[in-house]
Amino acid sequence: MPAEKTPDSKMMEDLVSLCKRRGFVFPASEIYGGINGFWDYGPLGAQLKNNLRDAWWQDNVLMPPMGPNGEPVSVVGLDSAIIQNPKVWEASGHLAGFADPMRKCAGCGHFVRDDHLWETLATASEWHQSLLQEFTPISGAIDSERLMRWAKTRGKKLAPNLALVRNPEVTLSWIAQRVNGQPDAPPDMMEFTRYFATEQLHATGLQEPCPRCGGPLGEPKAFKLMFETWAGLVQDDEHKVYLRPETAQGIFLNYKNVLDTSRVRVPFGIAQVGKSFRNEVTPRNFIFRSREFEQMELEWFCHPDEARKWFEFWRDHRMQWWQSIGLAGDNLVLRQHESDELSHYAKEGVGTADVEYRYPFTAPGFGELEGIAHRTNFDLAAHQQHSKAKLEYFDQERNERYLPHVIEPAAGLTRGVLAILCEAYTRDESRASPEIMKFHPRVAPIKAAVFPLVNKDGMPEVAQKLHAELRARFGRLGMIETDPKQSIGKRYARMDEAGCPVCFTIDGETMTAQTVTARDRDTGAQEKIALDKVSDYVAQKLGV
RNA sequence: GCGGGUGUAGCUCAGUGGUAGAGCGUCACGUUGCCAACGUGAAUGUCGUCGGUUCGAAUCCGAUCACCCGCUCCA
């Protein structure tokens with residue numbers, strides 16, 4: 001099927017191209033042919049990422065919003081190691097879940113743990129339970145007509161890829177041969193199930209079915225989603241360590257340390273920003289799913305009874321926050337998880353919600369940007385059990401000892417950068433330079449630019465002076481540019497692609513009337529303002 | 001992981017067996033008085049990589065890597 005270019009995929013191509021051309025994002029190891037799932041951030045990309053990270057830190061750690069009842073909220077920061085004791089990942093469940101051999105269904109692609117297959121079939125497989133009611137394996141007797149009826153009705157719905165459903169005649173003939181061939185040793189339930197999953201007995205041997213769709217499962221394979229390396233010079237299992245797949249565990253590991261040293265009391269939060277690593281099955285879609293990525297996670301510790309209140313608080317705050325930095329339109333939604341898609345740790349909780357963005361490659365659907373989950377006390381309980389450390393909190397006000405519950409707003413910094421890039425990317429064909437990055441001023445990597453209209457008549461000197469003044473006041477927030485070369489239109493256009501919100505041009509009137517031209521990125525509109533008011537103008541534009 | 005597509009200058013692309021190209025961008029100089037302006041000039045490529053066929057390969061074949069699209073997956 002020839003891949004047809006949709007407007008969205010064209011836009012994505014244009015965006016990727018602009019990112020390369022202007023120095024936002026480069027393919028990692030490009031001169032060596034690249035490396036799947038890794039990306040480098042160029043000068044503008046690094047600054048954009050820093051600005052987003054800083055905004056998050058400021059608004060969630062240094063200056064968090066007031067709590068639900070108007071009380072101050074306390075959040076402290078942390079920066080834990082990427083590599084921790086491997087037992088951490090045993091306790092958290094990351095290691096167990098993926099060190100075990102997994103089998104992939106050829107029909108629906110579902111992954112099943114090999115050692116859990118029969119238990120899953122017995123307890124959690126809808127079609128298998130339905131099918132069991134149609135015969136009694138103990139007696140070994142089968143009612144072919146009844147099974148045929150099941151295959152054509154319920155089976156068709158529940159297990160579309162099961163051999164018995166796809167080709168009941170052939171499958172039932174194998175079973176009949178088996179039952180009649182050895183009447184002394186009737187097949188047990190497992191053997192029946194294998195027969196039900198087998199269409200071409202001689203070609204494939206007995207198959208085992210997918211608990212979800214009934215399709216044949218592939219050979220068990222070890223899927224390792226965590227990056228491994230060795231701490232120490234000897235590369236054996238003794239020294240094997242892992243690169244963290246999430247920053248959250250570092251927070252749980254240090255929860256006691258923070259409590260003991262920071263004078264915080266429940267409820268409080270610990271925040272961390274940093275790189276995480278996952279061997280994604282399929283890195284895809286530019287920087288959306290990469291194997292090295294960056295997270296901004298906050299673990300909010302609270303009393304179990306207050307979990308719902310805080311969940312709703314953080315969920316709403318986090319949604320508003322993304323809106324406040326420029327993802328304000330219909331492209332951003334808050335979506336509550338259905339119960340069947342909850343993570344293992346969130347099953348018992350009050351819920352999970354995702355902040356989702358309509359990326360060009362997910363449109364008209366949405367892709368995850370941040371997840372807000374009630375993790376209950378799953379992690380603290382697991383670490384308490386595995387480490388034997390006492391992690392309970394004594395609540396003086398309640399005179400109660402308990403493991404705090406955790407509300408986790410976990411945002412993707414890398415995904416945030418991508419969403420902001422997508423949201424900012426604008427084409428205006430009526431302009432000589434049609435591509436404009438309409439960044440919110442707070443995250444824009446370049447905050448302002450100063451240009452002499454022409455490179456003579458004293459204008460460059462004035463521009464340099466104004467540039468220095470703006471840099472002294474705003475340089476800590478982002479880049480302040482100046483450039484005396486080439487035509488003014490070309491310099492404006494460059495700033496449009498870099499997403500600089502405003503340019504100031506020193507012109508003839510600056511020399512006589514002490515005014516400059518302020519040129520707006522989004523509208524192209526120009527206005528004259530006093531030279532000595534430029535700094536305040538920028539402050540207002542940046543909201544500082 | 002499966003199927004399809006693409007890979008030539010920073011970007012977009014032409015070149016289909018015989019000397020490596022264009023537009024834009026970048027840089028320099030000049031000109032220039034408010035939106036990629038104009039003039040002149042310059043730099044930039046092991047044609048993704050490796051191997052094969054051939055007197056000769058960007059071009060044909062094979063493998064491989066990367067990216068894009070569709071399924072799938074993402075505790």
Side-chain angles (χ1 to χ4, degrees), chain A residues 1-6 8-10 12-14 16-23 26-39 42 89 92-100 102 104-111 113 215 218 221 223-226 245-246 278-286 288-291 293 341-347 360-361 367-368 378 428 430-436 451-457 459 485-497 503-511 516-521 523-528:
Chain A
M1 174 172 52
E4 209 158 296
K5 261 183 207 173
T6 65
D8 285 321
S9 72
K10 175 72 169 65
M12 208 54 214
E13 277 175 33
D14 290 343
V16 172
S17 164
L18 184 144
C19 282
K20 171 85 190 292
R21 182 157 36 91
R22 286 296 168 204
F26 304 127
S29 307
E30 194 185 11
I31 61 172
Y32 287 100
I35 175 169
N36 191 348
F38 297 88
W39 299 88
W89 312 113
S92 69
H94 289 84
L95 203 47
F98 287 91
D100 295 303
M102 305 284 285
K104 188 179 175 174
C105 170
C108 68
H110 185 57
F111 283 91
R113 263 181 75 167
K221 273 167 72 176
F223 284 84
K224 297 191 172 183
L225 266 70
M226 272 199 291
E246 64 175 21
R278 291 182 203 177
N279 264 315
E280 295 288 354
V281 178
T282 315
R284 248 328 150 83
N285 292 324
F286 200 29
F288 180 75
R289 179 172 294 124
S290 45
R291 290 184 165 146
F293 57 104
E341 52 176 328
L342 291 177
S343 309
H344 58 99
Y345 53 75
K347 285 267 194 303
F361 47 82
E368 190 189 352
F378 177 89
D428 182 347
S430 71
R431 288 214 209 172
S433 52
E435 287 177 304
I436 309 157
F451 300 136
L453 182 60
V454 288
N455 197 10
K456 59 178 185 180
D457 300 341
M459 294 181 200
K485 306 278 184 67
Q486 297 185 318
S487 75
I488 191 68
K490 189 173 284 195
R491 284 175 281 168
Y492 285 155
R494 272 203 282 258
M495 287 300 111
D496 286 345
E497 286 195 351
C503 299
F504 300 100
T505 300
I506 309 300
D507 53 29
E509 281 181 53
T510 311
M511 315 313 289
V516 303
T517 302
R519 184 265 188 186
D520 180 78
R521 172 194 67 198
T523 62
Q526 305 189 7
E527 58 177 318
K528 293 276 182 185

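Each chain gets a letter, A, B and so on, in the order the sequences are listed, and its residues count up from 1. Scope of the values below: all heavy atoms of this structure, side chains included, with no hydrogens, waters or symmetry mates.
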Among the candidates [options], find the nucleotide nearest to the side-chain atoms of [X].
X        : options             : answer
A:Arg284 : B:G1, B:A28, B:A37  : B:G1
A:Lys490 : B:A36, B:U32, B:A28 : B:A36
A:Asn285 : B:C68, B:C35, B:C69 : B:C69

Work out how far the [atom1] atom of [N] is from that of [M], and round it to whole angstrom.
N     : M     : atom1 : result
B:C24 : B:C67 : P     : 31 Å
B:U12 : B:C55 : P     : 38 Å
B:G62 : B:C68 : C1'   : 23 Å
B:A20 : B:G45 : C1'   : 8 Å
B:A66 : B:U8  : C1'   : 16 Å
B:C2  : B:C73 : P     : 16 Å
B:U59 : B:G48 : C1'   : 15 Å
B:U16 : B:C60 : C1'   : 9 Å

Output all residues satisfying side-chain hydrogen bond (donor to acceptor under 3.5 Å, both in side chains) with A:Asp14, sequence neighbours left out; order by chain, then residue number.
->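 A:Asp14 satisfies side-chain hydrogen bond (donor to acceptor under 3.5 Å, both in side chains) with A:Lys10 once adjacent residues are dropped.
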
Check side-chain contact (heavy atoms from CB on, under 4.5 Å) between [X] and all other residues, then give those that pass, not counting sequence neighbours.
X        : value
A:Pro27  : A:Lys20, A:Glu30, A:Trp39
A:Ala493 : A:Ser433
A:Arg21  : A:Ser17, A:Leu18, A:Glu435, A:Glu497

Under-3.5 Å donor-acceptor pair between A:Arg519 side chain and B:C35 base =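 Answer is yes: a donor-acceptor pair is held.
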
Give one of base, sugar-phosphate or nothing for [X], where a contact means two heavy atoms less than 4.0 Å apart.
X        : answer
A:Glu497 : base
A:Leu453 : base
A:Phe451 : nothing
A:Gly508 : base
A:Arg289 : base
A:Arg22  : base
A:Pro27  : nothing
A:Gly37  : sugar-phosphate

So what's [N] paired with, Watson-Crick or G-U wobble, going by both distances under 3.5 Å?
N     : value
B:G41 : B:C27
B:U6  : B:A66
B:A14 : none
B:C71 : B:G1
B:G51 : B:C61
B:A36 : none
B:U19 : none

Donor-acceptor contact below 3.5 Å, side chain [X] vs main chain [Y]:
X        : Y        : answer
A:Arg519 : A:Cys503 : no
A:Arg521 : A:Asp496 : no
A:Arg491 : A:Leu453 : yes

In whole Å, I'd like the distance from the [atom1] atom of [X] to the [atom2] atom of [N].
X        : N     : atom1 : atom2 : value
A:Phe361 : B:G70 : CZ    : C1'   : 15 Å
A:Asp520 : B:C35 : CG    : C1'   : 13 Å
A:Arg431 : B:A36 : CZ    : P     : 11 Å
A:Leu18  : B:A36 : CG    : P     : 18 Å
A:Tyr492 : B:G25 : OH    : C1'   : 20 Å
A:Ile488 : B:C35 : CD1   : C1'   : 8 Å
A:Ile31  : B:U46 : CD1   : C1'   : 14 Å
A:Arg291 : B:C73 : CZ    : C1'   : 12 Å

What residues form a ring-ring contact (aromatic ring centres under 6.0 Å, His included) with A:Phe293, not counting sequence neighbours?
->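 Partners of A:Phe293 by the ring-ring contact (aromatic ring centres under 6.0 Å, His included) criterion come out as none, since no residue qualifies.
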
Taking only N/O atoms, report every protein-nucleotides 6-12 of chain B pair under 3.5 Å with atom names and distance.
unit_1: B:G10; atom_1: O3'; unit_2: A:Lys20; atom_2: NZ; d: 3.2
unit_1: B:C11; atom_1: OP1; unit_2: A:Lys20; atom_2: NZ; d: 2.4
unit_1: B:C11; atom_1: O3'; unit_2: A:Ser17; atom_2: OG; d: 3.0
unit_1: B:C11; atom_1: O2'; unit_2: A:Ser17; atom_2: OG; d: 3.3

Which comes earlier along RNA chain B counting from the 5' end, the contact point of A:Gln526 or that of A:Phe38, where each point is its nearest nucleotide?
->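 Nearer the 5' end of the strand: A:Gln526.
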
Earlier contact from the 5' end, RNA chain B, for A:Gln486 and A:Lys456 =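 The 5'-side residue here is A:Gln486.
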
Which label fits B:U46, syn or anti, where anti is any glycosidic angle not within 90° of 0?
->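 That one's anti.
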
Is A:Ser29 close to A:Phe38 at the side-chain level, that is, under 4.5 Å between some pair of heavy atoms?
->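 Of all side-chain heavy-atom pairs linking A:Ser29 with A:Phe38, none is under 4.5 Å.
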
Side chain proximity check, A:Lys528 to A:Thr517, heavy atoms < 4.5 angstrom =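 Yes, at least one pair of side-chain atoms sits under 4.5 Å.
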
Respond yes when some side-chain nitrogen or oxygen of A:Ser433 is under 4.0 Å from OP1 or OP2 of B:A36, and no when none is.
->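 No, A:Ser433 has no side-chain N/O under 4.0 Å of OP1/OP2 on B:A36.
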
Return no unless some side-chain N or O of A:Asn36 is found under 4.0 Å from OP1 or OP2 of B:C65.
->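 No, A:Asn36 has no side-chain N/O under 4.0 Å of OP1/OP2 on B:C65.
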
From CA spacing to verdict: side chain to side chain contact (heavy atoms under 4.5 Å, CB included), A:Tyr492, A:Arg431 = CA-CA 11 Å; A:Tyr492 285 155; A:Arg431 288 214 209 172; over 6 Å; no

